[in-house]
Amino acid sequence: MTQCGVMNDLRKQLLKLMQGKSYRPMNKSELARNLGIDSSERRELRIQLTKLEKEGRVVIGAKSRYKLRETALVQLVGILRYQPNGNAWFYPTQSDEGNLATGMDIKKHDRVFVDNRDMGVALDGDLVRVKITRIGVPRWKQYADKGKKQYDKRGRPIKSKAQPKEDAKEEAAGKVTKVLERKNTTIIGIYREEGRFCYVEPEMKGLPGGIDLLDAGLAKPGQLVAVEIVEWAHRNATPVGKVIKVIGYPDAPGVDIISVIHKHNLRVEFESEVQKEADAVSEVISDEEYARREDWRDKLVLTVDPGDAKDHDDAVLVEELEDGWRLAVHIADVSHYVTPHSALDKEAQLRGNSTYLVDRVLPMLPVKLSNNVCSLRLGVDRLTKCAVMEFDRRGERRKVYFCDAVINSKAKLAYEEAQVLIKGDGGGEVGDAIRTAWGLADVLRKRRFAHGALDLDFPEVKVVLDEETKKPIEIKELVYDESHQMIEEFMLAANEAVAVELKMKRKNAVHRIHEDPDADRLNEFAEIARIHGFNAGDLTNKKHIQELLKQAKGSAVEQSIKLGLLKSLKRAAYSIEMLGHYGLAKMDYCHFTSPIRRYADLIVHRALQSLLVNPPVNPVRLPKSTKLEEIAQHISDTERNSAEAENATKRMKMMEYLFMLAQQDDPPVFEALITDVRRMGIFVEITNMQVKGLVKKEEFPQGRWNFEQGVMAFRDYQSQNELRLGQKVKVKIARVNMEKQLVDFTIVVS
């Protein structure tokens, strides 16, 4: 073991000893004897004790005896996220080694519950320090039945006692002790006036009921406004702010989306300096640049994207060899145009990624770059970074090299067009190229799942809006077919090949990681799967997860099983450490294929420059590891924020669409799947729309319905009818709560 490893091990031993229930304060000699440290290691012991004291983890008490500083033992740093009910979840971003001394296994808890009363003056998205106050099973979860009325087999009421719930899961709870960094000082709310007094009523629960105003600007009563908080002393004090933007009346067209943009602090316009740099970018490729790059312009390189895509990051070419295939993945060379420390680079890093809202795109780069100069458009010369890979007939990669290239895309296909060519035999040269490409992709896909990858793909839905009114007119199911799978396999192959090359050449970069899941969460999900009727096995064994997914494939509850599994897994993120990707079953993985819309990919392109067969004259040097780690954490946060905003606008328009349907004289009847059964009623999902809602018990058909938790069902003992988990039912919309974004259904009796 290295000297550093010995000292770290000693540090852990010290913390573990001090956290023991029988520990009493000890001096250095007593600690040394207790840990079996000989005289040659006493110096390391003194060093570690001094460090721990300086860090505030331990204190020296009477007679020079050491003990843990209790307030430092349970502190974590991370991001606070408000929830619709007014409470919050805290997501740790950097763990504190002092947690080892508490006897609490914080690593089992990738989020911490924070009650509304314990949030201090933290706002949604703030970087905060949280003190862990409890780890255990919440009282309300400790009992399967709380003594409410139950019924015997004949429907007669019987008394019952509260029974302990054996599999109740532990949760961590905490309290915000300090706001370390304000991520967003803007609050969205309704402007109100009462006599001479004006204030803003926040939309988000968890905040005080009103915000006093220093400046109301041009706001009118009832309008939705954005308020900047300028003062908030403590939790029980009234925040003070000023109106910085009048968004409009809540029912005005477009106001709902603008509200989400402000809530998530998304950047819409590009500052003048950034736009000026973008406008100065030339579309003309110099002779010198043509000369140093590999020329692929006469080859059948093509793009396959959604039909409405305007930014084309990637283009591909597959050539069949005697004993395998050659795959070339061309990616827009954004690093040629966006240089480190430029205004464009700083803005791209700040945004972290493009955000795809239901009615618009907020791009990471100005439109001239994202939709034009960098986009691999049909029939136009474009600069790329290319991964050229050879695979044998089993799909094993045997050769790879990377280069700067220039292409001229010969075909621009929508996924639907590519799918027709894959399944057919026409299309000429392009059709033959697509079918050859699918031949390789099919082999790669089967190989990936054979090596432990999880099949978590499922159809998505798109809310189609009227171009003029922005009102929802349709909810369209997007099928994930072979054309999508083909492009996904090629992008995964390129990402993995680049990650392996960076590791082999010991190049710092930002990697895409997906850590192994917590066993407790997997076991909890396994119980749900068993209730659905599946043989879950031991889900800590990935083969058993794959078997479960195979069992669920094609069933009515396939999507529910996949979503349940996703929730039990950890969230993918960015890191400078190469920790592997659990879901993809890859040891080495990074993001290389979308630099137009992800800053992580731009970093990887820069890291790869010196490893190309034709590197630029002056390859970019990446920042030091500490700076890269900061960037990795930042873009992980922006990715989460964008995903939340995208989901919020999508759900908002879904609810608006359902509300419109509910107003019709003859509202439609939907086929729905029962996805959960609770005492209050059943939760259902309209699967082809991916809309979930509640059927309250009072909305059930007439009868005496008894809740049977053990089998996740309601049974009417008079008619012997039942409503069971996984059962299909017909429902109508009962009501839509636009404010809370919730929908209730009622069961239709045929």
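Keep in mind that what you see is a predicted model, and the values were worked out from it rather than measured.
For K245, the NZ atom counts as loosely surrounded, since its 6.0 Å shell holds 12 or fewer non-hydrogen atoms of other residues, nucleotides or ligands. Residue R117 qualifies as open at atom CZ: its count of foreign heavy atoms under 6.0 Å is 12 or below. More than 12 non-hydrogen atoms from other residues, nucleotides or ligands lie less than 6.0 angstrom from CD of Q741. Within 6.0 Å of NZ in K368 there are more than 12 heavy atoms belonging to other residues, nucleotides or ligands.
Under 3.5 Å, the side chains of N87 and Y82 contain no donor-acceptor pair of N or O atoms. For the residue pair N353 / T638, a side-chain donor-acceptor distance below 3.5 Å is found, with atom types taken as modelled.
If you look at F197 and Y199, their ring centroids are closer than 6.0 Å. With ring centers used as reference points, Y574 lies under 6.0 Å from H591.
Side-chain contact check for V338 versus E347: every heavy-atom pair is 4.5 Å or farther apart. Contact check for I596 versus L369: no side-chain heavy atoms found under the 4.5 Å cut-off. Put simply, the side chain of E656 reaches to within 4.5 Å of the side chain of P472, judged on heavy atoms. Looking only at side-chain heavy atoms (C-beta outward), V461 and K650 come within less than 4.5 Å of each other. Using a 4.5 Å heavy-atom threshold, the side chains of I188 and M204 count as separate. Within the 4.5 Å cutoff, the side chain of V121 has heavy atoms near those of the V179 side chain. At a threshold of 4.5 Å between non-hydrogen side-chain atoms, the residues Q349 and L602 do not count as touching. When side chains are defined from C-beta on, F90 does not count as touching R81, because their heavy atoms never get closer than 4.5 Å.
No donor-acceptor distance shorter than 3.5 angstrom exists from the side chain of E201 to the backbone of I190, with no hydrogens or angles considered. Although no hydrogens or angles enter the test, the distance criterion places a donor-acceptor pair under 3.5 Å between the side chain of D345 and the main chain of H341. Looking only at distances, a side-chain donor or acceptor of D601 sits under 3.5 Å from a matching main-chain atom of S594. At least one donor-acceptor pair closer than 3.5 Å links the side chain of E277 to the backbone N or O of L344. Side-chain N or O atoms of S568 include none that pairs as donor or acceptor with a backbone N or O of L522 at under 3.5 Å. Listed for the Q663 side chain is a donor-acceptor partner under 3.5 Å among the backbone atoms of F659. Looking only at distances, no side-chain donor or acceptor of H511 sits under 3.5 Å from a matching main-chain atom of I513. Using a distance-only test at 3.5 Å, with no hydrogens or angles considered, no donor-acceptor pair links the side chain of H634 to the main chain of G352. With H264 contributing its side chain and V260 its backbone, the two residues share a donor-acceptor pair below 3.5 Å. Side chain of S259 to main chain of V255: no donor-acceptor pair is present (N/O by atom type, distance under 3.5 Å, no hydrogens or angles).
Among L213, D215, V227, V225, the single residue meeting the side chain to side chain contact (heavy atoms under 4.5 Å, CB included) criterion with K242 is D215. A side chain to side chain contact (heavy atoms under 4.5 Å, CB included) with R597 is found for exactly one of P363, S370, S354, namely S354.
Residue F113 holds its CZ atom at 8.5 Å from CG of D118, rounded to the nearest 0.5 Å. From I257, atom CD1 reaches atom CG of L357 across 6.5 Å, with rounding to the nearest 0.5 Å. In this structure, CD1 in I576 is found 4.5 Å from OG in S625, a value given to the nearest 0.5 Å. Note that the CZ atom of F683 and the CZ atom of F745 stand 12.0 Å from one another [nearest 0.5 Å]. To the nearest 0.5 Å, atoms CG (D124) and CD1 (I79) are separated by 10.0 Å. How far NZ of K175 is from OG1 of T177: 9.0 Å, rounded to the nearest 0.5 Å.
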Exercise for the section: Begin with the C-alpha distance, continue with both residues' side-chain angles, and end with the deciding distance and a verdict on side-chain hydrogen bond (donor to acceptor under 3.5 Å, both in side chains) for Q633 and D637. Expected result: CA-CA 6 Å; Q633 182 61 61; D637 293 341; 3.2 Å; yes
Practice task
Mind running side-chain contact (heavy atoms from CB on, under 4.5 Å) on Y657 and V463 for me, showing each step along the way?
Solution key: CA-CA 9 Å; Y657 181 69; V463 183; 5.6 Å; no
Practice task
Apply side-chain contact (heavy atoms from CB on, under 4.5 Å) to the pair L14 and L52, showing each step before the final yes or no.
Solution key: CA-CA 10 Å; L14 281 167; L52 290 170; 4.2 Å; yes
Exercise for the section: Check the pair E271 / R267 against salt bridge (Lys or Arg N to Asp or Glu O under 4.0 Å), numbers first and verdict last. Expected result: CA-CA 10 Å; E271 294 180 358; R267 299 171 72 83; 3.7 Å; yes
Practice task
Test T355 against N641 for side-chain contact (heavy atoms from CB on, under 4.5 Å), laying out the working first.
Solution key: CA-CA 9 Å; T355 304; N641 188 52; over 6 Å; no
Exercise for the section: Apply salt bridge (Lys or Arg N to Asp or Glu O under 4.0 Å) to the pair K653 and D256, showing each step before the final yes or no. Expected result: CA-CA 9 Å; K653 289 300 179 182; D256 50 0; 3.2 Å; yes
Exercise for the section: I would like to know whether T469 and D466 meet side-chain hydrogen bond (donor to acceptor under 3.5 Å, both in side chains); could you show each step before the answer? Expected result: CA-CA 6 Å; T469 64; D466 182 271; 3.2 Å; yes
Practice task
Kindly indicate, with the supporting measurements, whether the criterion salt bridge (Lys or Arg N to Asp or Glu O under 4.0 Å) is fulfilled by D744 and R735.
Solution key: CA-CA 5 Å; D744 287 348; R735 66 194 67 83; 2.9 Å; yes
Problem - Candidate pair Q275 and D279, rule side-chain hydrogen bond (donor to acceptor under 3.5 Å, both in side chains), full reasoning - result: CA-CA 6 Å; Q275 195 61 57; D279 293 340; 3.2 Å; yes
Handout entry: Test salt bridge (Lys or Arg N to Asp or Glu O under 4.0 Å) applied to E524 and R521, step by step
Key = CA-CA 5 Å; E524 188 175 286; R521 286 201 168 190; over 6 Å; no
Handout entry: Worked verdict on L694 versus V743 for side-chain contact (heavy atoms from CB on, under 4.5 Å)
Key = CA-CA 7 Å; L694 172 67; V743 57; over 6 Å; no
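Of all non-hydrogen atoms in W232 and T238, the two that sit nearest each other are CD1-C, 4.3 Å. When all heavy atoms of G241 and I211 are compared, the pair lying nearest together is N-CG2, 3.9 Å. I229 approaches P239 most closely through the heavy-atom pair CD1-CB, 4.1 Å. Across all non-hydrogen atoms, the minimal contact from A572 to H581 is CB-NE2, 4.4 Å. The shortest heavy-atom contact between A600 and V510 is CB-CG1, 4.4 Å. When all heavy atoms are compared, the tightest approach of I603 to L628 is CG2-CD2, 4.1 Å.
With respect to K183 and D126, no salt bridge is recorded, no charged nitrogen being found less than 4.0 Å from a carboxylate O. Under the 4.0 Å criterion applied to side-chain N and carboxylate O atoms, E639 and R598 are not assigned as salt-bridge partners.
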